Protein chains: 2
Amino acid sequence: MDVSLQQLRGFAAVAEEQHFGRAAQRLNMTQPPLTRQIQALERSLGVSLFDRTGRGVRLTAAGGVFLEHAHRVLALLEVAPEATRRAAEGQTGTLRLAFTAIGAYAVLADFLAMVNRRIPAVSVELTELVSPDQYEALANLEIDLGMVRPPIPDGFESLLVHTEDLVLAVPADHKLATGDAPVTLADVTDEYIGYSPEGSRYLHDICAAMIGMNRYAVSQLASQVPTMLALVRAGLGCALIPRSIMAMGVEGVRYRELDAADAHSVTLHACWSPDSPNPALQRLAESLRQQPQLEE
Amino acid sequence: MDVSLQQLRGFAAVAEEQHFGRAAQRLNMTQPPLTRQIQALERSLGVSLFDRTGRGVRLTAAGGVFLEHAHRVLALLEVAPEATRRAAEGQTGTLRLAFTAIGAYAVLADFLAMVNRRIPAVSVELTELVSPDQYEALANLEIDLGMVRPPIPDGFESLLVHTEDLVLAVPADHKLATGDAPVTLADVTDEYIGYSPEGSRYLHDICAAMIGMNRYAVSQLASQVPTMLALVRAGLGCALIPRSIMAMGVEGVRYRELDAADAHSVTLHACWSPDSPNPALQRLAESLRQQPQLEE
DNA sequence: TCGATCGATACCGAGGGCGCATGGACGTCT
DNA sequence: AGACGTCCATGCGCCCTCGGTATCGATCGA
């Protein structure tokens, strides 16, 4: 037979009162069933928990050890319902957040600070995923919130998080590597490194439109910006990169501003499913609907 | 209504299987009562723990939080009986040990090492008490084991722990303060500092017998050896001190060997009540009866 | 649209736990 | 020293809870 919660409560009461009668009174019951509870408990443990002296009872050494365990169990059981209710209201819990490598450099730190301001007791789990994988993970409820590039598919809510323009990344030994003046896309006479249309649809489309389809994607395709920078560094061509990536400071790569006529900005959006079952996300979404500004 | 252990076990099983039928099978029961258990649990928490999709079920965020609590409770309940049994056998628990100030310098470290060798997982609580207080505390079950001077009262078991002889402590400016040769008690022409007959009956009696009642206890009485050394240092007289106290190295006090004719040894005993309810003590006592040597 | 799967509900029977009454051991008061 | 009171243990009868069987209802897939 197994130990029951009633036995634990009965045991704790008797241990504190050192008296079966008073303990039973405190538990709103009579003394005989309490005696039987303790007997059953001692039998199932195979250990004597009390010394029955004529006047009242006293804990044995083993009883003292068991009392500590009993108190721990009862205390845990005490707090569990309240903790669960708070989690159900979204006040605590975990928010699973995905971001692209680009997102990490641009706004992740600010975004996390904003999340922490709005739902303070919620912990955040981070994953790095490219945008298409994020949409899939959102649909499968594997993540709660993504930081993605447009276009946002139907059925998701989203919020514009960051806007930045593109700059030109060139190898350090490139003819455009020196100079501060803005350059135009026409100045690039060698090849471009393009974004993969599968992994980075949005940047692919924008860059293709900027450069013109006939000149685009002739050299290499990559879907992750760090990969692209590695290719640039290897001298395989130039690339159009979101400005925030300049903060990475990759060795062997130089950046040039684009002429206003050629400049184009790209956006990053927080994106979530409005019928996610995660209450923490619901709370954050509600907060974002009422106060869409990221800074306070 | 309150949450029961069966509800916790049922909940944990369903959460892991994500399926009521399989969970019920694992719990050796049928599905309907398990459904009712979870319903009752959700009702008493006021929180929905599972999303019932057509195919199987999935934990909600709140359910995930509650699952952690449930696992902690069940794990605690798993280990509690075994821990209690070990405590009942005296393999774990606490041994309350009292010692005199003298005992601390003579053998406490060795004695603790011996205890730790014989009952390794038992923790020791230390108290400093003079011998008469130790006997009282032993009788009141306030301590489990004492390190005392003879005579051992009836009703206690004991073991000789340490034997040492007495040396003469003299002030640094005393005429006997220099020299290495043994001295006799007759060389002491000024006063003795004596042991209190209440606090240190044994040393009082021995010193009185050595020196002779007429010359003893004329200056000061003290029951604690450190106090006596302070009195010696102040130049109030000489004192007979167990040899191990020399290790204290009190400033302003010199020690002289006693001539063989005047030498006398004193003993220190571990002492305990044979019907103590502490299983850790019972185990130690049994071990000491079979292997009385302190060193192995 | 039909069948299979899975959780929810209705009903019934058995076992466990509670209360009442009482026994037995120990300490205390007169 | 004996009677009484206190406190834990035990015997018994009742009720309530919990589990099983049978069935329903909803959802998904073919």
Side-chain angles (χ1 to χ4, degrees), chain A residues 1-60 62-63 66-67 70 139-141 275 277, chain B residues 1-60 62-63 66-67 70 139-141 275 277:
Chain A
M1 193 49 197
D2 225 7
V3 4
S4 77
L5 278 187
Q6 296 211 18
Q7 287 171 351
L8 254 54
R9 287 191 232 272
F11 169 72
V14 175
E16 284 162 31
E17 297 285 350
Q18 307 212 333
H19 191 289
F20 276 74
R22 280 194 301 273
Q25 195 173 353
R26 191 212 282 188
L27 296 169
N28 293 318
M29 60 191 291
T30 56
Q31 167 262 323
L34 182 58
T35 289
R36 286 192 288 262
Q37 278 183 11
I38 304 297
Q39 285 174 336
L41 180 60
E42 291 179 319
R43 205 178 319 124
S44 73
L45 292 177
V47 164
S48 181
L49 297 172
F50 290 105
D51 279 334
R52 272 79 163 173
T53 66
R55 274 290 186 276
V57 293
R58 203 183 49 242
L59 272 181
T60 62
F66 190 72
L67 181 60
N140 295 345
L141 301 175
D275 43 39
Chain B
M1 193 48 197
D2 224 8
V3 6
S4 76
L5 278 186
Q6 297 211 17
Q7 287 172 349
L8 253 56
R9 287 191 233 273
F11 169 72
V14 175
E16 283 161 30
E17 297 286 350
Q18 306 213 337
H19 191 289
F20 276 74
R22 281 194 300 273
Q25 194 173 352
R26 190 212 283 189
L27 296 169
N28 292 320
M29 59 190 292
T30 56
Q31 167 260 323
L34 182 56
T35 289
R36 287 192 293 261
Q37 278 183 11
I38 305 297
Q39 285 174 335
L41 180 60
E42 290 179 319
R43 205 177 320 124
S44 73
L45 292 177
V47 164
S48 181
L49 297 172
F50 291 105
D51 279 334
R52 272 80 164 174
T53 67
R55 276 291 185 277
V57 293
R58 204 183 45 243
L59 271 181
T60 62
F66 190 71
L67 180 60
N140 295 345
L141 301 176
D275 43 39

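Not measured: the values here are computed from a predicted model. In the text below, chain A, chain B and the rest are named by the order of the sequence lines, each starting its count at 1.
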Given side-chain contact (heavy atoms from CB on, under 4.5 Å), test A/Q6 with A/M29 step by step and report yes or no.
-> CA-CA 12 Å; A/Q6 296 211 18; A/M29 60 191 291; 5.9 Å; no
Please give, in whole Å, the distance from C/dG17 P to A/D2 CG?
-> 13 Å
Using a heavy-atom distance cut-off of less than 4.0 Å, which residues of residues 31-40 of chain B contact DNA chain D?
-> B/P32, B/P33, B/R36, B/Q37
Test item: B/Q37 and B/L41 side chains (from C-beta on) under 4.5 Å apart, heavy atoms = no
Would you mind reading off the distance between A/M29 atom CE and C/dC20 atom P, rounded to a whole angstrom?
-> 12 Å
side-chain contact (heavy atoms from CB on, under 4.5 Å) assessment of A/T60 paired with A/F50 = CA-CA 5 Å; A/T60 62; A/F50 290 105; 5.6 Å; no
Testing D/dC8, C/dC20, D/dG19 for proximity to the side chain of A/F20, the answer is D/dC8
Quick one: does A/L45's side chain get under 4.5 Å of A/Q7's, heavy atoms only?
-> no
Using the test side chain to side chain contact (heavy atoms under 4.5 Å, CB included), find all partners of A/E16 that sit at least two apart in sequence or belong to another chain.
-> A/A12, A/R26, A/H71
The answer to which of A/S4 and B/G21 contacts DNA chain C further toward the 5' end, by nearest nucleotide, is B/G21
Spacing of OG1 belonging to B/T35 relative to CZ belonging to B/F20, to within rounding of 0.5 Å | 5.0 Å
Does atom CD of A/E17 have more than 12 heavy-atom neighbours from other groups under 6.0 Å away?
-> yes
After noting the C-alpha distance and the side-chain angles of B/F66 and B/E42, does the key distance pass the side-chain contact (heavy atoms from CB on, under 4.5 Å) rule?
-> CA-CA 11 Å; B/F66 190 71; B/E42 290 179 319; over 6 Å; no
Nearest-Å distance, CZ (A/R58) to P (D/dC7)?
-> 17 Å
Just how far, in rounded Å, is C1' of D/dC28 from NE2 of B/H19?
-> 14 Å
Whole-Å distance separating the CG atom of A/N28 from the P atom of C/dG17 = 19 Å
Interface residues of residues 8-18 of chain B with DNA chain C (non-hydrogen, below 4.0 angstrom) | none
Might you confirm whether atom CD of A/Q25 has over 12 heavy atoms from other residues, nucleotides or ligands at distances under 6.0 Å?
-> no
What is the distance from CZ of A/R43 to P of D/dT10, rounded to the nearest Å?
-> 10 Å
Does OP1 or OP2 of C/dA8 have a side-chain N or O of B/R52 closer than 4.0 Å?
-> yes
Figure out the CD/P separation between B/Q6 and C/dG17, and round it to whole Å.
-> 10 Å
Is any side-chain nitrogen or oxygen of B/T30 closer than 4.0 Å to OP1 or OP2 of D/dG20?
-> yes
Whole-Å distance between C/dG7 C1' and B/D51 CG?
-> 14 Å
